[in-house]
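Heads up: the structure comes next, in structure tokens.
We count residues from 1, following the sequence as given. Only this structure's heavy atoms are used, side chains among them; waters, hydrogens and symmetry mates stay out. Only a predicted model underlies this, so the values are computations on that prediction, with no experimental measurement involved.
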Amino acid sequence: MSMLPPEVIKTRTAACKPARGSDNALGRLFLCTYVMCSEKSLSLQRMNVMGNRLLLIINPVSGTTSKKGVAEHIERRLCAAGFDVCTEYTTCAGDATRLARKGVENGVFGVLACGGDGTVNETARALCNTPVALGIVPTGSGNGLARHISIPVDVDGSLDVIEANHVQSCDYGTVCERPFFCTFGVGFDAAVSDHFARQHRRGLLTYLQSAAHEFMHYESERYHLEIDGREFTRDAFLVVCCNASQYGNNAFIAPDASIRDGLLDITVVRAGNRLQKAVLGFDMMAGFIGKNTLVETVRARRAVITRENEGPAHIDGEPIVLGRRLPVECHAGSLRIFTNPNKGSFTPLITPMRMMLNDQALAFRRLFYGKI
């Protein structure tokens with residue numbers, strides 16, 4: 001049955017009242033029934049076009065906070081906003097990718113990743129080059145991608161972003177054909193990620209302890225880089241390819257990076273003494289890393305990083321062992337993401353300070369009010 005346009009429905013509905021004594025009363029009643037059914041079908045059709053079905057994927061062991069009651073709270077909020085939510089839980093590595101692919105096959109409008117950057121990575125890789133949007137409910141330790149696009153790191157704040165339904169086409173990167181959505185790196189940051197992953201506790205304090213441990217022991221390596229026809233070699237403390245601006249925990253390795261410019265910000269930190277590296281740490285947290293004398297940043301769509309031996313690397317904070325030759329590429333506009341329509345511009349010192357105060361306020365609310 002073809003759908004009636006809204007203006008036709010309105011006109012015909014007004015004519016549905018049978019006139020007294022009219023021989024056409026039965027016909028008018030039939031028309032009224034037809035219009036009402038058409039109106040209902042049109043409403044359902046519009047709902048399906050707009051997309052109201054969401055798949056929620058929860059990693060119950062991400063971050064440091066309990067996930068008790070999170071699913072029910074999210075479902076209640078989003079159902080009240082007109083969404084139809086189905087919830088699944090991960091139990092092992094790769095589950096989020098498998099579940100997200102199933103969501104794509106079932107034609108959902110969006111898949112929400114409730115967890116940290118590892119959960120976001122697993123979920124997002126199944127959504128690349130599809131019409132299905134990625135939503136982030138950040139409950140991890142670093143939450144780098146969520147912070148970059150100004151998604152609040154509390155459940156209610158992130159749901160405000162989902163309800164705003166502001167979906168944008170964003171970039172993602174690959175290294176050796178493995179996708180990353182925040183950062184990929186080799187060198188010191190990869191060593192920190194590896195050490196951090198082996199700890200029993202999560203959170204910022206544990207991450208800082210891992211960074212301090214590697215700071216005392218890590219030795220710089222030699223890298224050969226091919227970037228847009230240029231070739232150069234550096235003894236580097238780290239090399240990191242950034243789709244987003246930070247590692248997580250408001251550590252800004254590429255403050256000016258954008259996930260919508262079709263380019264990766266490739267940051268090379270040259271070898272220096274311990275004092276210079278300590279200053280580098282302050283500049284990264286304050287957003288001044290671009291002014292540090294050890295730092296070079298180049299924007300490119302493609303690059304090849306070659307090191308002397310295979311070894312540790314990290315993809316969105318998750319440690320991995322990769323080979324000597326590391327081709328990287330930016331895939332422009334290939335992932336749809338629920339983003340914050342009120343995201344502001346980055347201002348060194350001011351933006352990191354505001355984010356730090358927001359984190360402290362959230363920790364206070366969780367401690368005293370049990371806020372999810």
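No more than 12 heavy atoms of other residues, nucleotides or ligands lie within 6.0 Å of CE in M353, so this atom counts as exposed by the packing criterion. Heavy atoms from other residues, nucleotides or ligands lying under 6.0 Å from CD of E231 number more than 12.
Between D156 and R77 there is a salt bridge, since at least one side-chain N of the basic residue sits less than 4.0 Å from a carboxylate O of the acidic one. Ion pairing between K102 and E88 fails under the 4.0 Å rule for side-chain N and carboxylate O. Under the 4.0 Å criterion applied to side-chain N and carboxylate O atoms, R307 and E221 are not assigned as salt-bridge partners. Classification of R234 and E296 as a salt-bridged pair holds, one side-chain N sitting under 4.0 Å from a carboxylate O. With respect to the salt-bridge test (charged N to carboxylate O, under 4.0 angstrom), the residues R299 and D265 qualify. Using a 4.0 Å cut-off between a side-chain N of Lys or Arg and a carboxylate O of Asp or Glu, D117 and R147 do not qualify as a salt bridge. Checked for salt-bridge contact, R302 and E329 meet the test: a charged N lies under 4.0 Å from a carboxylate O.
Taking 4.5 Å as the limit, some side-chain heavy atom of I320 sits within range of a side-chain heavy atom of L322. Contact check for I266 versus T297: no side-chain heavy atoms found under the 4.5 Å cut-off. For the pair I58 and T87, the minimum side-chain heavy-atom distance is below 4.5 Å.
The SG atom of C241 lies 7.5 Å from the CD1 atom of I227; values are rounded to the nearest 0.5 Å. Going from atom CG of D171 over to atom SG of C330 covers 4.0 Å, rounded to the nearest 0.5 Å. In this structure, R365 CZ and Q360 CD are separated by 12.0 Å, a value rounded to the nearest 0.5 Å. Between the CZ atom of F83 and the CD atom of E75 there is a distance of 14.0 Å, given to the nearest 0.5 Å. Here the CG-CD1 distance, from L134 to I149, works out to 7.5 Å after rounding to the nearest 0.5 Å.
Proximity of the aromatic rings of F346 and F252 is defined here by a centroid distance below 6.0 angstrom, and this criterion is met.
When atom types are taken as modelled, the side chain of D154 and the backbone of G157 share a donor-acceptor pair closer than 3.5 angstrom. With hydrogens and angles disregarded, no donor-acceptor distance shorter than 3.5 Å links the side chain of R101 to the backbone of T123. For the pair D261 (side chain) and L263 (backbone), a donor-acceptor distance under 3.5 Å is present. Remark: the backbone N or O of C92 is not paired with any side-chain donor or acceptor of T90 at under 3.5 angstrom. Formation of a donor-acceptor pair under 3.5 Å by the Q276 side chain with backbone atoms of N273 is found in this model. In this structure, the side chain of R222 does not engage the main chain of T233 through any donor-acceptor pair within 3.5 Å. For the pair E214 (side chain) and V192 (backbone), a donor-acceptor distance under 3.5 Å is absent. In this structure, R53 contributes its side chain and G107 its backbone to a donor-acceptor pair below 3.5 Å. The main-chain N or O of V328 is never found under 3.5 Å from a side-chain atom of T174 such that the two would form a donor-acceptor pair. Looking only at distances, a side-chain donor or acceptor of N121 sits under 3.5 Å from a matching main-chain atom of P179.
With 3.5 Å as the limit, one finds no donor-acceptor pair spanning the side chains of H166 and N340. Looking only at atom types and distance, the side chain of S62 has a donor-acceptor partner in the side chain of T139 under 3.5 Å away. Neither side chain, Q199 nor S210, offers a donor N or O lying under 3.5 Å from an acceptor on the other. A donor-acceptor pair shorter than 3.5 Å cannot be found between the side chains of N358 and R354. Judged purely by distance below 3.5 Å, without hydrogens or angles, the side chains of Q168 and T339 pair a donor atom with an acceptor atom. Checked by atom type, the side-chain pair N52/D84 shows no donor-acceptor distance below 3.5 Å. Between the side chains of N249 and D359, no donor-acceptor pair is found at a separation under 3.5 Å. Remark: the T306 side chain and the H224 side chain contain no N/O donor-acceptor pair separated by less than 3.5 Å. For the 3.5 Å distance criterion, the side chains of H148 and Q246 fail to qualify, holding no donor opposite an acceptor. For the residue pair Y172 and N243, no side-chain donor N or O sits within less than 3.5 Å of a side-chain acceptor on the partner.
Hydrophobic clustering of Ile, Leu, Val, Met, Phe, Trp and Tyr side chains at less than 4.5 Å, counting indirect connections, unites F232 with Y223.
Taking the six-membered ring where the residue is Trp, F237 and F188 present parallel rings, their angle staying beneath 30° rather than reaching 60°.
When every heavy atom of V104 is checked against every heavy atom of A126, the shortest pair comes out as CG2-O, 3.8 Å.
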